[in-house]
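Notes for the one structure printed next.
A note on names: the letters A, B, ... follow the listed sequences, proteins ahead of strands, and every chain is numbered from 1. FYI, side chains are in, hydrogens and waters are out, and symmetry mates aren't considered; it's all heavy atoms of this structure.
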Amino acid sequence: VLRMTQLSTVLSILAMFLHTTFGESGCTSADGDGTLGDDEPDNFDIDCFSQLEIKDSFSSLTCNFTELPPHNTNYTLSLCTKEDNNYMCYNMKKQEDAYFLQFTDLLSKTDICMFSEIKRRVCRSLVVTDIVKPEAPFAINITYQREANEYLICYHTPHSSKKYLKDKLIHQIAYRQKEGTWKTIESPYLQIKLLGKSLENDASYEVRVRSQPNGDYFKGTWSEWSTSQTFRTARQQHSTENYSSVVVIILSTLGFMLCIAIIALIIIFWENRIKPAVWPNLPDHKKTLEQLCKKPKNSFDISFNPESFGHVHIHKVDGIRAKAELENFLQPSTAPEISLPEKSRNGSDLKMIPAKTDNSNLSLSVTYGGVWPAEALHRLLGTGQFAGTEGNCSSSMYEVCHGTRVPLHSGGSSLCSAPPFHPPGQLSPEPRNDDIVSQMLPDSEMRSPNNEEAYVTMSSFYKIQ
Amino acid sequence: NPVFFRSTLPVLPLLLILPPVNSSSCAMENKTTEIRVKYENILSHDINELVNISAENRDRCWKNKNRENIKVFFCNDTQEIESLQSMACNMLRFFRKERISKAFRWKAAFVACGTLQVLQCKCEGHKKEK
C-alpha cells in the first residue's frame, strides 16, 4: 500500500510536470513564453509599413533595413504567425533595397524574423494594423466661389472604395505661394475651403494632399504626397467689387434716410400746405363774398357825409354837353348796355342810358369830371325831386366809379348813387371842354351849400324803395 | 478501507491535470471589448462581403434539404463565443464542397478563419486552410 501510494504520488508529480511543459501550446522554444525566437536578442533595425487592400483583398508589407547588415551575410526576412503550435513563416521578396510581401490575415499576431547564416533566427513582434501607410490621394480640384470669395479644394482617395480605411483617414492639405513656405490644414473630409482674403490677389498657389489613419483602430504613417496642383487667385477687380458693394451700401442707406425724411415732411406739412395745394377746397360763396367785401382801412375814406368831402375840389359843371344826349336816353326804349371807353371823358361826353320805364337791367355809364347837379340827376332819372322819390331810382342805375370805368349791372336793385368820386390815386387828368368849368375854390367855398341837394345818401335810396 | 482511499487520493489531481490536450477552448472568454473592436474594424467588412456574395448566388441554394446542416449555424444564448466557434468550424467544412462557388468558399473560409482568430479558438478534427 505504501508503495502504491508513493507510486501514485510520483505519477501525479510527473503528470503535472509534463502538463506544464507541453500543455496546449506545444511550444518547444526555450523561452517558455510562447514566442518565437532563440535566446538571441532582436538586434536588427528594420522599418516596415503595411498597405491594406493594395490589390483586391491582399494587403502588403514592405520593410527596409535602417542599418544594413554586412554585405557578405545572406539573410532572409520572413513574416511568421503562430498556428497550431507551429510557426508558419512567409519569406519576403527582396525588391532593390526593400522587402515585400502580400498577405490577407490582419487579425493574427505576427512577427518579423530575420534568418541569417550567422544567427539562426531573430524575430520581433509586428502588428500590421499599427504600421498602416495609406495610399496617396489624387485628383485635386480647385474651384473659386466668387460670391463667397473662397477656394474649394476637392480631392479623392483610393480608400473611399475599399473596406478597412474608408472614413478612417485624416487628410493634410498643404499650400504655398510660388516658392514660398508651406502652410498645412488637416481635415477628415475630402474637401476644404480656403478664404480668399487670406490669399494674395492675382498670385499663383500650389496645393498637395496626403493621408494618415486617424488612430481609432488603425495607426500608421503619412502617405506619399499627391500630385501638386496649381491655381491662380482672383485679380484686383474683386477688391473693386468690394469697393462697389460698399458704395452701393452707402447709397442705399442714404436713399433710405432720404425717404424717411420725405415721409416725415409730408406728414408734417400735409394739412397746412400740401393738401390745400393738391386738393384745394371749393370756395365758399359766403366766405368769398366776405373776402371781397373787405373792411376798409382806417385811412380809407368812405363816407357819405358831405362834411368829409370838404377838402375835395368841387367843380361846378354848367352847360354840360350831355344834355342833348340825355334827352335821347329819356326815350322809353330799352337802353342797351354801354361800356365805358377806357379813355376818360369830360362831362360833356356823358352818356347815360336811363331806363325810366324799364325795370330790367340797366347799364348806365357816366363819366364826368365834375359834380352832378341835382337837376341833371333828376332829369336823368325822370323825377321831380331827387330826394325822397321812390320808384324812379329803382329802375335806373348809373356808374359812379369814375376811375374804373366799369359798367354796373343791376338786377332790379335801386341804386341812385352819389356823385362819383375819384378814389385816391386813381384820379386821371381829363381833358375838359369849355362847357365844363373847373373851379378851384377854397375848401370853405367848395362846400356844398345844400348837402341834401348835392349828395344822395344811401338812406335816400331806402326811402325811394 | 483508509489505505485504499489514501492510495487513490493522488489520482484525483490527475483527472484535473490530464484533460484532453486538443480541446477547443477559446482564449478570449473575458475579452469582449477586444473582440468587439476587431469585429467592427475588420471582420464585419468581410462578413458583409460574404453576405453580398451569397445574395448574388441566392438562386443557387442547396437542394439538399438535410436539416442537420441548418443546425450548424445556430447561436445559443449565453454561449455566444462557443456558438461562433461552432459556426466558424462548421463553415470551414464547406470549403471542400465543390458544388459551392469558389469565390464563396474562399470568402467563407476567410471569414471563418478570421472569426476563430478573433476568438482565439480552434476547431477539432480538421485543419484550417490558408
Is the count of non-hydrogen atoms from other residues, nucleotides or ligands lying under 6.0 Å from [X] atom [atom1] greater than 12?
X: A:Phe58; atom1: CZ; result: no
X: B:His45; atom1: NE2; result: yes
X: B:Glu40; atom1: CD; result: yes
X: A:Lys183; atom1: NZ; result: no
X: A:Glu96; atom1: CD; result: no

A:Leu107: which of B:Leu116, B:Ile42, B:Asp46 passes side-chain contact (heavy atoms from CB on, under 4.5 Å): B:Ile42
Heavy-atom distance under 4.5 Å between the side chains of A:Tyr217 and B:Lys38, does that happen here? yes
Any side-chain donor-acceptor pair under 3.5 Å between B:Asn48 and A:Lys163? no
A:Thr129 portion near chain B, given a 4.5 angstrom heavy-atom threshold: side chain
Residue, of B:Leu43, B:Asn41, B:Val37, that accumulates the most heavy atom pairs under 4.5 Å with chain A: B:Asn41
